[in-house]
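Notes to accompany the following structure.
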Amino acid sequence: MDAESTALLQTGATTLVTLMVTDAWSQFRTRLATMFGRRGGRDVVEAAAQDLEESRAHLLAARQAGDLQAAQDIEAEWRSRLRRLLADDPATAAELRAVVDAAAPRVAQVRMGDDIRVSGTFLGPVLGQGTQNVR
């Protein structure tokens, strides 16, 4: 995998996991499920949607418990799935890039609680205590 694909893979996984803990999740969930299941029909899309929702529930629980390792494991799992998806269908890279670009305004600035702000490119999941708002 070349450097550009590796960067897209990392950014895609981070974006996907970050979206899971934002108000924008419902806007992107169907789009992501469709991307993961596009070669397999409706049943595969529905299974991908279910997997995404299960991961989101685990991520929210990990976040609530302050379990950074569990959150990192969830991101690693989706990075692996994205890697397989891109290997099976390289044309999916354009679709993943479109998702990342569309989500950028939602994940570029995450406000956590009243004291911590995280901005820019994320190299891992964004976790914290308190309420999280995306601007």
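Numbering starts at 1 and runs along the sequence shown.
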Side-chain donor or acceptor of T11 paired with backbone N/O of L8 under 3.5 Å: no

ILVMFWY network linking V44 to M35, side-chain heavy atoms under 4.5 angstrom: no

Gap between atom CD of E4 and atom OG1 of T6 - 0.5 Å precision: 10.0 Å

Close side-chain approach of L16 to E75, heavy-atom, < 4.5 Å: no

Nearest-0.5 Å distance, CG of residue L9 to CG of residue L82: 6.0 Å

Residues Q10 and T14: side-chain donor-acceptor under 3.5 angstrom: yes

Side-chain H-bond candidate by donor/acceptor type, E77 with Q72, under 3.5 Å: no

F36 with V45, same ILVMFWY side-chain cluster at under 4.5 Å: no

Taking every non-hydrogen atom, the tightest pair across W25 and L19: CB-O, 3.3 Å

Short N-O contact, D101 and R97, less than 4.0 angstrom: yes

Nearest heavy-atom neighbours spanning A98 and R31: CB-NH2, 3.5 Å

Cationic N near anionic O, under 4.0 Å, R38 to E95: yes

Considering all heavy atoms, the nearest A48-A33 contact: CB-O, 3.8 Å

V21 versus R63, closest heavy-atom pair with distance: CG1-CD, 3.9 Å

Closest contact, heavy atoms only, F28 versus V99: CE2-O, 4.0 Å

Euclidean distance, D73 CG relative to D67 CG, rounded to 0.5 Å: 8.0 Å

Distance-only polar pair, side chains of E46 and Q50, donor-acceptor under 3.5 Å: no

Main-chain N/O of M20 paired with R56 side-chain donor or acceptor, under 3.5 Å: yes

Heavy-atom closest pair, residues L59 and A71: CD1-CB, 3.7 Å

Short N-O contact, D23 and R106, less than 4.0 angstrom: no

Point-to-point distance, once rounded to the nearest 0.5 Å, from OG1 of T92 to CG of L85: 4.5 Å

